[in-house]
Amino acid sequence: MKPFPRAEISARALKKNLSRMRQIAPKSKIMAVVKANGYGHGLLNVARCFSEADGFGLARLEEALALRDGGVKAKLVLLEGFFRQADLMTLVEHDIDTVIHNEVQLTMLEKSSLVKPITVWLKLDSGMHRLGFTPEQFTQVYDRLERCPQVAKPIHIMSHFACADEPDNPMTVQQLRVFDGLTKKVAGERTLANSAGSLYWPESQFDWVRPGIALYGVSPVVGDLGCNHGLEPAMELISQLIAVREHKAGEPVGYGCFWHAKEDTKLGVVAIGYGDGYPRNAPEGTPVWINGRRVPVIGRVSMDMLTVDLGKMATDCIGDDAILWGKKLPVEDVAQHIGTIAYELVTKLTPRVTVCLNE
Ligand SMILES: *Cc1c(COP(=O)(O)O)cnc(C)c1O
């Protein structure tokens with residue numbers, strides 16, 4: 001018996017997406033971003049499927065340690081760096097690279113004594129103004145790292161795009177210019193592009209690309225789909241119909257009773273809700289895929305269930321699959337209905353959803 005709800009992850013799609021990214025960025029190494037539990041796909045699952053990647057990008061030390069515990073030997077990079085002095089020892093012990101983006105990290109590094117130097121990615125703020133040293137600070141910080149015996153040479157450089165998911169936004173060209181201008185002569189490797197950069201701005205690919213969402217088969221751009229770039233969605237979120245009910249015109253359904261049927265119909269109850277990570281604010285009309293067609297969510301999503309309008313002539317039965325998103329129903333589409341981005345939908349699934357890896 002397969003559990004439900006479950007997120008079925010296609011190993012084949014993950015591997016295919018990695019090779020597709022190689023075609024898209026043929027001159028660059030790939031730092032596969034697997035933070036947030038591999039974007040909800042299962043950290044170790046995806047790391048194993050991405051065994052051909054040149055390295056992995058993570059947001060938390062715990063994520064990197066989980067990969068090492070799972071036997072992953074590849075290059076690991078903490079994209080926000082370390083947060084405490086004591087973490088530096090752990091980075092050395094487990095051979096994990098760190099980003100350095102602020103003065104506090106830099107001072108901690110300078111004041112530490114380490115048995116081995118660590119590999120550092122200096123983060124430049126090229127315009128996003130979230131993390132990183134300003135262009136004015138850049139040369140001075142670079143020189144301090146050069147002089148720091150705790151830092152392995154050469155020093156690598158990174159920055160991050162603010163608007164690369166908007167193909168017409170001039171901000172991206174501006175960031176590219178700042179980044180390239182300041183870092184042209186450095187000895188180390190350079191990285192700027194996330195998924196959107198890699199797909200839409202080939203000149204941003206440099207030595208390494210850092211795709212996350214694209215590797216899971218999803219487009220970073222609202223209104224676009226992964227399949228338009230030869231990518232295949234790796235996750236299918238599946239639950240089941242646990243009730244099919246005759247419903248009379250004018251009758252309400254669910255908490256708040258605010259939806260009323262316009263005509264006699266059949267309603268389906270699907271075993272998934274906000275307790276599984278399906279958003280409570282999904283409005284009427286958000287699509288669910290049942291028996292080869294889209295049916296609309298109606299009424300309020302509750303903790304363990306949601307209701308759909310199957311239509312008067314429906315022949316659906318209790319136990320039939322209900323697909324919340326996947327190959328047949330792109331998560332990008334569902335996200336647009338809900339007013340969020342696909343990133344949030346896939347990463348927010350709760351532990352009640354069983355993640356199963358299929359070949
Ligand atoms: C999350 C993240 C990425 C990957 O972003 P996608 O849009 O998922 O490709 C790349 N770089 C950094 C610094 C990140 O934090």
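All ligand and atom numbering here is 1-based and tracks the order in the structure. Only a predicted model underlies this, so the values are computations on that prediction, with no experimental measurement involved.
- Taking the six-membered ring where the residue is Trp, Tyr278 and Trp325 present parallel rings, their angle staying beneath 30° rather than reaching 60°.
- Scored by the side-chain hydrogen bond (donor to acceptor under 3.5 Å, both in side chains) test, Tyr200 finds Asp224, His229 as partners (sequence neighbours excluded).
- Residue pairs meeting the salt bridge (Lys or Arg N to Asp or Glu O under 4.0 Å) criterion with at least one member in residues 19-34, sequence neighbours excluded, are Arg22-Asp54, Lys29-Glu189.
- More than 12 heavy atoms of other shown residues, nucleotides or ligands fall within 6.0 angstrom of atom CZ in Arg352.
- A donor-acceptor contact closer than 3.5 angstrom is absent between the side chains of Asp333 and His337.
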Are there any N/O pairs under 3.5 Å between ligand 1 and the protein, and if so, what are their distances?
from	atom 1	to	atom 2	distance (Å)
ligand 1	7 (O)	Tyr343	OH	2.6
ligand 1	8 (O)	Tyr39	OH	2.5
ligand 1	8 (O)	Ile213	N	2.8
ligand 1	9 (O)	Ser195	N	2.8
ligand 1	9 (O)	Ser195	OG	2.5
ligand 1	9 (O)	Gly212	N	2.8
ligand 1	11 (N)	Arg210	NE	2.9
ligand 1	11 (N)	Arg210	NH2	3.2
ligand 1	15 (O)	Lys35	NZ	2.7

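- In this view, Asp95 satisfies the side-chain hydrogen bond (donor to acceptor under 3.5 Å, both in side chains) rule with no residue, not counting sequence neighbours.
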